[in-house]
Amino acid sequence: MRRLRPAKLAALAAAVKSWGRELGFQAIGIADTDLSAAEPRLRAWLASGFAGELDYMRKHGAKRTRPAALVPGTVRIISARMDYRPDAADSSSTLADGDKAFVSRYALGRDYHKVLRGRLQRLADRIAAEIGGFGYRAFTDSAPVMEVELARKAGLGWRGKHTLLISREAGSFFFLGDIYTDLPLPCDAPVDEHCGRCRKCIDICPTRAIVAPYRLDARRCISYLTIELKGKIPVELRALVGNRVFGCDDCQLACPWNRYARITPEADFRVRDGLDSAELVELFAWTEEEFRRRMAGSAILRIGYERWLRNLAVGLGNAPRSERAAAALRSRAGDSSELVREHVAWALERQGAGA
């Protein structure tokens, strides 16, 4: 790649933002690689034990907070935002109906990893077509990358007290992706924070996982319990999980800034298989083959059938008592998986049905 003058780099940065919008991103920002302020906070969080089984957060040494250690030559990060809020059944109504399964709204459509990775690659290809070859790597929640901190530095929003990024114009229902590059593009400035004294995200959390502003105990977070945790969901937290079978949106639903979250124009994020308001009993009846077929291309597929049944069993245990729920649970009381059997037994006790 030939050396570019400052004026050319400034024009290229503006073009990258325009090309990004053409590719379906709602915002593009550019950040430098200095994450020195975030590094001690990450270390303290890991030392607290709040990461639970998130072993990937402990790996890779300093590469997470030092982008050039992950991708040598990196001097800038192009941070991209893509909105995902689907045109789905009202979340509050689904959560209030104990017979239904709540799936985090980001997982109702196609796996975002595939969508964003493809668009980021196309953006990189567009840059290369303009200036020739350059050094880069694109990431979407797929490497030791501090997506939220980089997006904050790139001016895409501020970190809310629930630790997610918030945009004044779009709330927080969006995905983030990054392109690490050796192009010394002009950086964008961070934006001011606008949470003020609000603590609605903290107060609404069913399991009190947000132990203090900007401090999350992942071990108590329902998203962690239903997605990342491989073993048993702690008994003392199961009743608090309610009917949330894949992720949890409560802190986002409570955030006043999400009144500005718009319905995504992205077809890939449209609701599939009626997952925005499906009944627990219906989903619990799926065979493993049906689960794999229906969840093909979905982020839900990665937790596997066993954990899917585990989560649904907890949901059925928390559902209003009914013979229908009890019968569904009894049908899997002898499941081949010890993990499923244990959660079914707990759920049957909750249903007052015994094993």
Side-chain angles (χ1 to χ4, degrees), residues 49-55 91 94-104 107 205-209 217-250 273-295 298-355:
F50 287 168
E53 293 183 6
L54 298 175
D55 295 333
S91 295
T94 301
L95 285 166
D97 187 341
D99 290 319
K100 290 187 175 180
F102 183 82
V103 172
S104 184
C205 180
T207 56
R208 297 295 181 260
D217 185 346
R219 298 168 301 180
R220 299 185 64 85
C221 177
I222 293 175
S223 287
Y224 168 85
L225 295 171
T226 57
I227 300 173
E228 304 294 346
L229 183 65
K230 295 180 174 62
K232 298 177 182 179
I233 295 175
V235 174
E236 66 273 17
L237 297 178
R238 292 179 192 177
L240 302 177
V241 171
N243 60 345
R244 301 165 185 84
V245 301
F246 189 90
C248 178
D249 289 346
D250 285 39
D273 287 299
L275 285 176
D276 55 338
S277 61
E279 291 195 346
L280 291 160
V281 168
E282 171 193 345
L283 300 179
F284 201 57
W286 284 1
T287 63
E288 183 167 7
E289 186 281 329
E290 190 172 10
F291 168 76
R292 294 188 178 281
R293 175 172 55 81
R294 289 177 177 267
M295 295 296 99
S298 165
I300 298 173
L301 185 65
R302 76 183 184 93
I303 69 169
Y305 185 59
E306 182 182 40
R307 279 189 274 167
W308 176 244
L309 292 179
R310 175 200 65 184
N311 297 346
L312 288 164
V314 171
L316 285 165
N318 293 324
R321 287 192 176 189
S322 70
E323 176 53 32
R324 188 164 176 251
L329 288 164
R330 281 194 293 266
S331 73
R332 294 194 183 277
D335 195 89
S336 60
S337 163
E338 190 278 331
L339 182 68
V340 174
R341 292 197 306 273
E342 197 273 340
H343 287 76
V344 165
W346 174 87
L348 282 167
E349 288 286 339
R350 293 270 295 177
Q351 281 287 331

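Just so you know, residue 1 is the first one in the sequence shown, and it goes up from there.
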Check against salt bridge (charged side-chain N to carboxylate O under 4.0 Å, His left out), Arg302 and Glu228
CA-CA 10 Å; Arg302 76 183 184 93; Glu228 304 294 346; 3.1 Å; yes
**Asked** Is there side-chain contact between Pro234 and Leu229, with heavy atoms separated by less than 4.5 Å?
**Response** yes
Quick check against the 3.5 Å criterion: does [X] have a side-chain atom that pairs as donor or acceptor with the backbone of [Y]?
X: Arg244; Y: Val241; answer: yes
X: Gln351; Y: Ser322; answer: yes
X: Tyr224; Y: Asp217; answer: no
X: His343; Y: Gly317; answer: no

For residues 97-104, tabulate all N or O donor-acceptor pairs below 3.5 Å that involve a side-chain atom, not counting sequence neighbours.
unit_1 : atom_1 : unit_2 : atom_2 : d
Asp97  : OD1    : Asp99  : N      : 3.1
Ser104 : OG     : Asp249 : OD1    : 2.6

Sequence neighbours excluded, the answer for ring pair (Phe, Tyr, Trp, His ring centres under 6.0 Å) partners of Tyr305 is Phe291
For [X] versus [Y], what's the shortest heavy-atom pair and its separation?
X: Arg219; Y: Leu225; answer: O-CD2, 3.4 Å
X: Ala107; Y: Ile300; answer: O-CD1, 3.8 Å
X: Leu339; Y: Arg307; answer: CD2-CG, 4.4 Å
X: Val245; Y: Asn311; answer: O-ND2, 3.0 Å
X: Arg294; Y: Trp286; answer: CD-CZ2, 3.1 Å
X: Ala325; Y: Leu316; answer: CB-CD2, 4.1 Å

Name every donor-acceptor pair, under 3.5 Å, that has one atom in a side chain of residues 275-284 and the other anywhere in the protein, sequence neighbours excluded.
unit_1 : atom_1 : unit_2 : atom_2 : d
Asp276 : OD2    : Ala89  : N      : 2.8
Glu279 : OE1    : Arg324 : NH1    : 2.8
Glu279 : OE1    : Arg324 : NH2    : 2.9

With sequence neighbours left out, the residues meeting salt bridge (Lys or Arg N to Asp or Glu O under 4.0 Å) with Arg238 are Glu342
Between atom [atom1] of [X] and atom [atom2] of [Y], what is the distance when rounded to the nearest 0.5 Å?
X: Leu348; Y: Leu329; atom1: CG; atom2: CG; answer: 4.5 Å
X: Leu237; Y: Lys232; atom1: CG; atom2: NZ; answer: 14.5 Å
X: Asp250; Y: Ser223; atom1: CG; atom2: OG; answer: 9.0 Å
X: Ile222; Y: Cys205; atom1: CD1; atom2: SG; answer: 6.5 Å
X: Cys248; Y: Ile227; atom1: SG; atom2: CD1; answer: 9.5 Å

Contacts satisfying salt bridge (Lys or Arg N to Asp or Glu O under 4.0 Å) that involve residues 311-320 (not counting sequence neighbours) are none
Contacts satisfying salt bridge (Lys or Arg N to Asp or Glu O under 4.0 Å) that involve residues 309-323 (not counting sequence neighbours) are Glu323-Arg330
